[in-house]
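Notes follow the structure.
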Amino acid sequence: MARVELTNVTKIYNNKVTAIKEANLVVEDEEFVVLVGPSGCGKSTLLRMIAGLEDITAGEIRINDKVVNNISPKNRDISMVFQNYALYPHMTVYDNMAFGLKLRKFSKEEITKRVKNAAQILNIGDLLNRKPKALSGGQRQRVALGRAIVRNPKVFLFDEPLSNLDAKLRVQMRIEINRLHTQLKSTMIYVTHDQIEAMTMGDRIVILKDGVIQQVDSPLNLYNDPANLFVAGFIGSPSMNFFKGKIFDESGYRFRNDFFDFALPLSIKEKVSKLKINEIALGVRPEHIKDITVVKDNNLSEPQSIQVDVVEPVGNEVFVYFKLNETSYCMRMPPKKLYNPGEHIEIGFDLTKLYFFDSISEERVY
């Protein structure tokens, strides 16, 4: 298959708008890499530049150590799967999958072989004589995947291919694309705005914000070791809570704001010494805030009082939301107790799972 390398790749529209700024990324052979970020972060632009559908303003793109900046899309040996399927409505499934091969003058025997093989992999062999209007959304997406597979490309590119499907079908298609990657042992680059998709599919995840790569790492490392406040808040559902406050040195360190006041472990001394000011954003994941009457843990902070705002029981866990200064925060609780809005409860923060961010630069303080 192929190795894809981006070196200082930049995209500027009309000499004014910077969509991608000096992106550096290496996608190894047979790797599944997911580009994720909010709308407008540049992830689709980056994918389209790899495909050759967008010119790059500066930098270099290599596929298998060959610079492809000035090579047309059809000669880059890539296949792209789009959000809207892009199937020809007047053609059968077979003809849709075979169309690209016919343009490349493959023999009828080779075309038939490749189409049937792809149909078998995707379990759509009985749909080959149907037209797209007679297919469900999931079936159309499989046909679009099949059209990419028959090309046997060096690199598969996916541009939010599941966003038009319902929630249940998205889960099913995620599994099928993962299985496809394992079976084909191919290089895949996948764009999504859904961080759950990113976490469940990628070998590595590239997080973008405003055209700048924020962090590249495995899903678990991104969750457990975010580089900055944006990454910490973007990865995880519900997202990480951030409490602005100050650290005071009063015979030991304490975190304090208008609502909370508790002692911090001595192990944070080195982190505090790196802060230019004592104002911080304290990051705590929902599962690391505990109801001290339900959970007994020696790592918990001193009790802090909150008032329950909204409760979401989802079966195997309960999300409890509370508001401070009109900002909503979440704690993830075991389904041992059903809370009531307006109820006051005592909580504790897991002192071994706190994240510290500089309140100005938003960089993580390690």
Side-chain angles (χ1 to χ4, degrees), residues 32-39 41 43-44 47-48 51 79-100 115-151 153 155-203 205-206 219 223 234-239 312-317 319:
F32 196 134
V33 167
V34 178
L35 310 180
V36 67
S39 296
C41 71
K43 54 189 182 295
S44 288
L47 191 78
R48 290 172 63 84
S79 275
M80 192 159 179
V81 180
F82 296 91
Q83 175 181 346
N84 61 359
Y85 319 134
L87 301 178
Y88 296 107
H90 62 286
M91 292 184 181
T92 64
V93 167
Y94 179 95
D95 289 333
N96 265 283
M97 292 170 65
F99 186 70
V115 170
K116 287 188 175 180
N117 181 57
Q120 183 178 2
I121 291 172
L122 296 167
N123 196 28
I124 55 173
D126 57 337
L127 305 178
L128 292 177
N129 293 321
R130 294 191 192 180
K131 291 185 178 179
K133 66 180 180 181
L135 305 177
S136 67
Q139 289 169 335
R140 292 178 191 179
Q141 192 56 271
R142 286 190 182 91
V143 176
L145 285 170
R147 185 176 54 193
I149 291 171
V150 297
R151 291 272 314 280
V155 183
F156 286 87
L157 305 177
F158 298 86
D159 190 7
E160 303 203 40
L162 309 185
S163 58
N164 289 338
L165 306 179
D166 62 58
K168 184 176 181 180
L169 196 50
R170 279 203 304 271
V171 173
Q172 182 182 342
M173 289 302 298
R174 283 205 314 255
I175 294 170
E176 293 195 14
I177 292 174
N178 271 327
R179 187 182 294 127
L180 186 65
H181 175 247
T182 301
Q183 188 171 350
L184 297 179
K185 298 186 183 302
S186 52
T187 304
M188 294 185 174
I189 304 175
Y190 186 104
V191 161
T192 180
H193 65 275
D194 186 335
Q195 56 101 2
I196 297 297
E197 268 184 35
M199 291 287 285
T200 55
M201 298 181 75
D203 297 323
I205 300 174
V206 181
Y223 188 83
F234 190 82
I235 294 295
S237 182
S239 61
E312 290 183 342
V314 293
N316 63 325
E317 56 193 0
F319 297 136

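What you see is a predicted model; the values in this text were computed from it and never measured. Here, residue 1 is the first one in the sequence, and each next residue gets the next number.
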For the atom pair [atom1] ([X]) and [atom2] ([Y]), what is the distance rounded to the nearest 0.5 Å?
| X | Y | atom1 | atom2 | answer |
| --- | --- | --- | --- | --- |
| I205 | T200 | CD1 | OG1 | 8.5 Å |
| L122 | Q183 | CG | CD | 8.5 Å |
| N96 | H90 | CG | NE2 | 8.0 Å |
| Y85 | R147 | OH | CZ | 12.0 Å |
| L87 | F99 | CG | CZ | 12.5 Å |
| D203 | Y190 | CG | OH | 14.0 Å |

With sequence neighbours excluded, give me every ring pair (Phe, Tyr, Trp, His ring centres under 6.0 Å) pair touching residues 119-144.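 Listed once each, the pairs would be none.
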Is any side-chain heavy atom of [X] less than 4.5 Å from a side-chain heavy atom of [Y]?
| X | Y | result |
| --- | --- | --- |
| I177 | E197 | no |
| E160 | V191 | yes |
| M97 | I149 | no |
| Y88 | D95 | no |
| L145 | F156 | no |
| F32 | M201 | yes |

Under 3.5 Å, is there a donor-acceptor pair between the side chain of [X] and the main chain of [Y]?
| X | Y | value |
| --- | --- | --- |
| K43 | L35 | no |
| Q141 | P161 | yes |
| Q120 | G125 | no |
| H193 | V36 | no |

Got a sec, which residues hit side-chain hydrogen bond (donor to acceptor under 3.5 Å, both in side chains) with D194, two or more places apart in sequence or on another chain? none
Do you know the tightest heavy-atom contact between [X] and [Y]?
| X | Y | answer |
| --- | --- | --- |
| A118 | V150 | CB-CG1, 3.7 Å |
| A148 | P153 | O-CD, 3.5 Å |
| Q195 | S237 | NE2-CB, 3.2 Å |

Tell me, which pairs form a salt bridge (charged side-chain N to carboxylate O under 4.0 Å, His left out) where one or both residues lie in residues 167-179, sequence neighbours left out?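 For residues 167-179, and leaving out neighbouring residues, the salt bridge (charged side-chain N to carboxylate O under 4.0 Å, His left out) pairs sorted by first residue read R142-E176.
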Quick one: list whatever passes salt bridge (Lys or Arg N to Asp or Glu O under 4.0 Å) with R48, sequence neighbours left out.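 Residues passing salt bridge (Lys or Arg N to Asp or Glu O under 4.0 Å) with R48: E54.
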My understanding is that only residues two or more places apart in sequence, or in another chain, count here; which of them pass salt bridge (Lys or Arg N to Asp or Glu O under 4.0 Å) with E317? R332
Flag if over 12 foreign heavy atoms under 6.0 Å of CG, N84: yes
Donor-acceptor contacts, no H, no angles, side chain residues 128-135, under 3.5 Å, sequence neighbours left out:
none

